[in-house]
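Worksheet: the structure to be examined is printed underneath.
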Protein chains: 2
Amino acid sequence: MVSREEQRARVEAALAAHLLDHGLAQTSLRELARAAAVSDRMLLYYFADKAEVLGCAAQRIAADLAGHIGEAVGEGERLAPLALLERAGALVTRAEIRPYMRLWVQMIAAAGRGEAPFPAIAEAMLAGFLAWVEAHLAIDEAADRQAVAAMIVAAVDGLAIIDIGRGPDLAARAALAIPHLGRAL
Amino acid sequence: MVSREEQRARVEAALAAHLLDHGLAQTSLRELARAAAVSDRMLLYYFADKAEVLGCAAQRIAADLAGHIGEAVGEGERLAPLALLERAGALVTRAEIRPYMRLWVQMIAAAGRGEAPFPAIAEAMLAGFLAWVEAHLAIDEAADRQAVAAMIVAAVDGLAIIDIGRGPDLAARAALAIPHLGRAL
DNA sequence: ATATGAATGTAGCAACTGCTACATGGATTC
DNA sequence: GAATCCATGTAGCAGTTGCTACATTCATAT
């Protein structure tokens, strides 16, 4: 017999891996249980209900993603908007990050449908993204700092949409095209 | 008695309206049928299966959206990347367009989950967006034209994500911040 | 008027959903 | 050794799902 807390942690990790692999497609309690190699009965012993199951797994995923992203720009380093966008955009199609971004789009969509627990999760994750960008954004005080940060986050997230709809190749090329955005004819 | 074709058209319009209102949240055959004021039995008389029900409604929605977007930039008019992005970005939070964009994000997510019929629909819609942007994009031939277009589409779609996660206010401000993207400290 | 086929209603099946009641094993405590 | 409690298994309920079998009505053609 293993303590409930240990199992919870192990199951959480397995669920996170499963979500990253399969997205929010197969997320019935029975499928999640199979992915975590426990019975569905046990899932609801470790967690209160399905929302908590998904919520805990998503929280862990968010933390992992934050860790990955944190490495992209040095502590205290600050970049101009397009430079920061370029740096962040290059992450989206990297093999370690791609599953996170694809899942992120599905979570935001679930939040849009009002499906618990995703509204809260999406809001928290988005706030994290915005804070990270703002912290590394070099821009004069006259500009709406938060709005510029939001636009950068939007562009990065949009790359994930391109990735989903057309594959990573176009998404990667789009990211590389960021320096051309500022150029006129 | 009404001809099957007439009913199909009427039902399609009702379904499109319902999807724009409620997203992909309540899309069981019984709910869709209620929204269209027919019996679920009839839905599967007009359409082959649920995938065709959603597919036809989505196709109509895509056509409507294309119409709305078409008005944003004059026929034959061409703009520099950031200018085009600004023009398109301003649409996302406009009251008539907002429901379309929110639904679009949900469709892309469903496509990412492999849920029929959305992979095909999402691919077609995305191709339409890309073609529209490319057609209005003024940029020198040295640049990867398709990639720049993809980046613009990404940024616009990303605004919809901000809208979903944080509401239209920040999304609108982010769109207004586009001119600041090119500015350094 | 009768036959035919299209349009519609009623009822329900089988699979899956989240969740629960109940029983049982094994360890710990007294 | 008895009592207790945590951890786990079995079985199943009630609701929802996509879809279908079957019966019926109605319009039209002969």
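Letters A, B, ... are given to chains in the order of the sequence lines, protein chains preceding strands, and every chain is numbered from 1.
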Between [X] ([atom1]) and [N] ([atom2]), how many Å, whole number?
| X | N | atom1 | atom2 | value |
| --- | --- | --- | --- | --- |
| A:E5 | D:dC6 | CD | P | 13 Å |
| B:F47 | C:dA7 | CZ | P | 14 Å |
| A:Q7 | D:dC6 | CD | P | 17 Å |
| B:M42 | C:dG9 | CE | P | 6 Å |
| B:L43 | D:dT17 | CG | P | 13 Å |

Are OP1 or OP2 of C:dG9 and a side-chain N or O of B:Y45 less than 4.0 angstrom apart?
no

Quick one: closest heavy-atom pair of B:L91 and B:I97, and the distance?
O-CB, 3.3 Å

Of all the heavy-atom pairs spanning A:T27 and A:L32, show the shortest one and how long it is.
O-CD1, 3.7 Å

Can you tell me if A:R78 uses its side chain to pair, donor with acceptor, with the backbone of A:L137 under 3.5 Å?
yes

Does any N or O in the side chain of B:Q106 come within less than 3.5 Å of the main-chain N or O of B:G23, such that one atom is a donor and the other an acceptor?
no

Heavy-atom count around A:E134 CD within 6.0 Å, excluding the residue itself: above 12?
yes

Taking the side chain of B:S39 as its heavy atoms from C-beta onward, which of D:dT8, C:dG9, D:dG9 lies nearest to it?
C:dG9

List in chain and number order the residues that pass salt bridge (charged side-chain N to carboxylate O under 4.0 Å, His left out) with B:E52, two or more places apart in sequence or in another chain; answer none if no residue qualifies.
B:R8

Indicate for each nucleotide in nucleotides 15-24 of chain C, in 5' to 3' sequence, whether protein heavy atoms under 4.0 Å reach the base (B), only the sugar-phosphate (S), or nothing (-).
--BBBBBB--

